[in-house]
Peer 1: 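Quick one: the structure is below, questions incoming.
Along the sequence shown, residues are numbered consecutively beginning with 1.
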Amino acid sequence: MNYKFWQRKKDATKKKKSKTREWVDAIVFAVVAATIIRVFFIEAYTIPSGSMERSLLIGDFLFVSKVNYGARIPMTPVAFPFAHHTMPLTTSTKAYWDGVQWKYHRLPGLSKIKRNDVVVFNFPEGDTVAVENQAESYYALERSLGREQVRSTFTIVDRPVDKRENFIKRCIGIPGDVISMSNGVANVNGKNEPLKNTGMMPYRIVFKTMDFNYAALDEFKLNLGTNPPVAANTYDVDASPEIAEKLKTFDFVKSVTLSPDAPGAVPGGVFPNDPNRVWNRDNFGPIKIPSKGWTVKIDSTTMPLYYRAIRTYEGNKVEQKAGVWYINDKVATTYTFKMDYYWMMGDNRHNSADSRYWGFVPEDHIVGKALFVWMSWDSTASFLHKIRWSRLFMGIH
């Protein structure tokens, strides 16, 4: 006797899935699985600019770990799969719905961010964007053109934290560090941190003669042909410390010296855009990086540095009335930070929009740690040399 006769009858009435239904189920499963992997484990990114040369090159494709620092729970959960802030082939159509916003939370990670880690994060000043000129910070446009002109010239959109543009830089300072820069050399907590051999800075090369085989310099990609001389037999080029030392060994090279901006040469233009601080990209500071639980005294000296962090990143109402600062409508002489902050800089120091221009990176903007390059594509090379084979599966340090 078949004691499971009712199962047979049930199975006989079950309808077989159509091919269309099978495809739909497979696609839905693939999208959900891929989204979970991207959000909580690992995600692929590409390098679009030269701000990290020579560590990372334009055309490098890399994997970024969400596990190392702890995966950030989506703050804007309703979004189109595999799109970041705008729909494909558009410049302003949102790929998300900001009607639902979750508070910042992060899963436990394997480690904290360390100095010199290469980190992917959301652009801190990307909360407001001029759609027709997204290459430049909205706030830089506002400082140069004025608020009214910017808003009448461009389409302005706002973006939540996790839908702001993704940047990749090197972490120079962690919470609590005191950072400064003098003649192009960063200083952290009183100790100079010169660029490693992968970093780029301007150097001045003086040649004994220009009568030499230029092919000898091809490997360094100095572009002498496109850079006009600054004086007789003298050129300014971007190079790493390693390249500078190699250049000194050539018998037709007279000298190679670091050529940063002179102190005080460019007032304003860098963080915190304070007229009382005559700083530039190679000479600034000292600046203390806020840490969670650190209390800062509020006055005319500190507020230019920490105003945006207190108001925008930590969500407080900040006003000054008759020389007195108010936070959330209460007189404030001190403020205790709720989050950790970081100082990020590009390795290509004179070709990088980084913390020197827009300040601290809050912890809720951190996306993940760059792990390794899985593909590198040189669009300027000949067909047979477009793939940079030596960079494939190269670790990022």
Side-chain angles (χ1 to χ4, degrees), residues 28-48 52 56 60-86 94-127 159-175 289-293 309 312-315 337-344 355 360-375 393 395-397:
V28 170
F29 175 80
V31 169
V32 172
T35 300
I36 291 173
I37 291 171
R38 291 175 70 244
V39 171
F40 294 103
F41 295 98
I42 197 167
E43 188 172 2
Y45 289 85
T46 184
I47 301 298
M52 284 294 291
L56 296 171
D60 278 352
F61 294 82
L62 52 137
F63 279 124
V64 173
S65 167
K66 306 295 182 69
V67 177
N68 283 63
Y69 305 139
R72 182 180 59 184
I73 303 301
M75 303 165 77
T76 311
V78 183
F80 188 81
F82 310 123
H84 185 42
H85 47 62
T86 52
K94 291 182 178 180
Y96 58 90
W97 181 54
D98 50 10
V100 176
Q101 288 286 294
W102 291 347
K103 290 184 178 181
Y104 164 65
H105 293 287
R106 189 180 295 275
L107 297 178
L110 301 178
S111 68
K112 292 183 177 294
I113 298 176
K114 301 181 181 67
R115 295 185 198 93
N116 292 316
D117 279 0
V118 178
V119 181
V120 173
F121 55 92
N122 297 117
F123 178 37
E125 285 195 347
D127 56 336
R159 289 175 180 161
V161 170
D162 56 340
K163 297 302 177 183
R164 296 170 191 174
E165 202 67 55
N166 289 316
F167 275 32
I168 183 167
K169 306 289 179 187
R170 190 176 299 278
C171 178
I172 302 299
I174 60 176
I289 303 170
S291 58
K292 184 177 181 179
T312 305
Y313 303 146
E314 306 215 344
F337 286 93
K338 306 171 190 174
M339 289 193 292
D340 284 331
Y341 291 79
Y342 302 88
W343 190 269
M344 307 288 187
S355 286
F360 314 111
V361 177
E363 67 174 73
D364 65 350
H365 285 55
I366 300 298
V367 174
K369 180 179 181 179
L371 293 182
F372 64 90
V373 175
W374 64 270
M375 170 59 76
F393 301 103
I396 298 172
H397 305 288

Peer 1: Please find the pair of heavy atoms, one from Ser111 and one from Lys114, that lie closest to each other, and give the distance.
Peer 2: CB-NZ, 3.4 Å
Peer 1: To check you understand the geometry: which heavy-atom pair defines the closest contact between Lys169 and Met344, and what is its length?
Peer 2: CB-CB, 3.7 Å
Peer 1: Does atom CZ of Phe41 have more than 12 heavy-atom neighbours, drawn from other residues, nucleotides or ligands, at distances under 6.0 Å?
Peer 2: no
Peer 1: Cut-off 3.5 Å, side chains only: do Asp162 and Tyr96 have a donor facing an acceptor?
Peer 2: no
Peer 1: For residues 66-79, which residue pairs qualify under salt bridge (Lys or Arg N to Asp or Glu O under 4.0 Å), counting only residues two or more places apart or in two chains?
Peer 2: Glu43-Lys66
Peer 1: Locate the shortest heavy-atom distance separating Trp102 from Pro74; write the atom from each residue and the value.
Peer 2: CE3-O, 3.2 Å
Peer 1: Are the side chain of Arg38 and the backbone N or O of Ala44 linked by a donor-acceptor pair below 3.5 Å?
Peer 2: no
Peer 1: Check the angle between the aromatic planes of Phe167 and Phe123 and answer parallel, tilted or perpendicular using the 30° and 60° thresholds.
Peer 2: parallel
Peer 1: How about Pro175 and Tyr341: do any of their side-chain heavy atoms sit closer than 4.5 Å?
Peer 2: no
Peer 1: Quick check against the 3.5 Å criterion: does His84 have a side-chain atom that pairs as donor or acceptor with the backbone of Arg164?
Peer 2: yes
Peer 1: Going by heavy atoms in the side chains, are Ile42 and Ile37 under 4.5 Å from each other?
Peer 2: yes
Peer 1: Taking side chain as C-beta onward, heavy atoms only, is Ile366 less than 4.5 Å from Arg106?
Peer 2: yes
Peer 1: Which value, rounded to the nearest 0.5 Å, describes the distance between Tyr45 atom OH and Asn166 atom CG?
Peer 2: 4.5 Å
Peer 1: Taking C-beta and beyond as the side chain, do Phe121 and Ile168 meet within less than 4.5 Å on heavy atoms?
Peer 2: no
Peer 1: Using a distance-only test with no angle check, is there a side-chain donor-acceptor pair under 3.5 angstrom linking Glu363 and Tyr69?
Peer 2: no
Peer 1: With heavy-atom distances below 4.5 Å as the criterion, would you say the side chains of Val161 and Tyr104 are in contact?
Peer 2: no
Peer 1: Can we call the ring centroids of Tyr342 and His365 under 6.0 Å apart?
Peer 2: no
Peer 1: Just so I know, are the side chains of Thr76 and His85 near enough to count as touching, which here means a heavy-atom distance under 4.5 Å?
Peer 2: no
Peer 1: For a quick test of reading the model, state the closest non-hydrogen atom pair linking Phe360 to Ile289 and the distance between them.
Peer 2: CE2-CA, 4.0 Å
Peer 1: So Gln101 and Pro160, do their side chains get closer than 4.5 Å, heavy atoms only?
Peer 2: yes
Peer 1: Heavy atoms only: give me the nearest Gly368-Val64 pair and the separation to one decimal.
Peer 2: C-CG1, 3.6 Å
Peer 1: Evaluate the side-chain proximity of Ile113 to Asp340: yes if any heavy-atom separation is below 4.5 Å, no if none is.
Peer 2: no
Peer 1: Determine the minimum heavy-atom distance between Phe337 and Ala309, stating which atoms define it.
Peer 2: CE2-CB, 4.0 Å
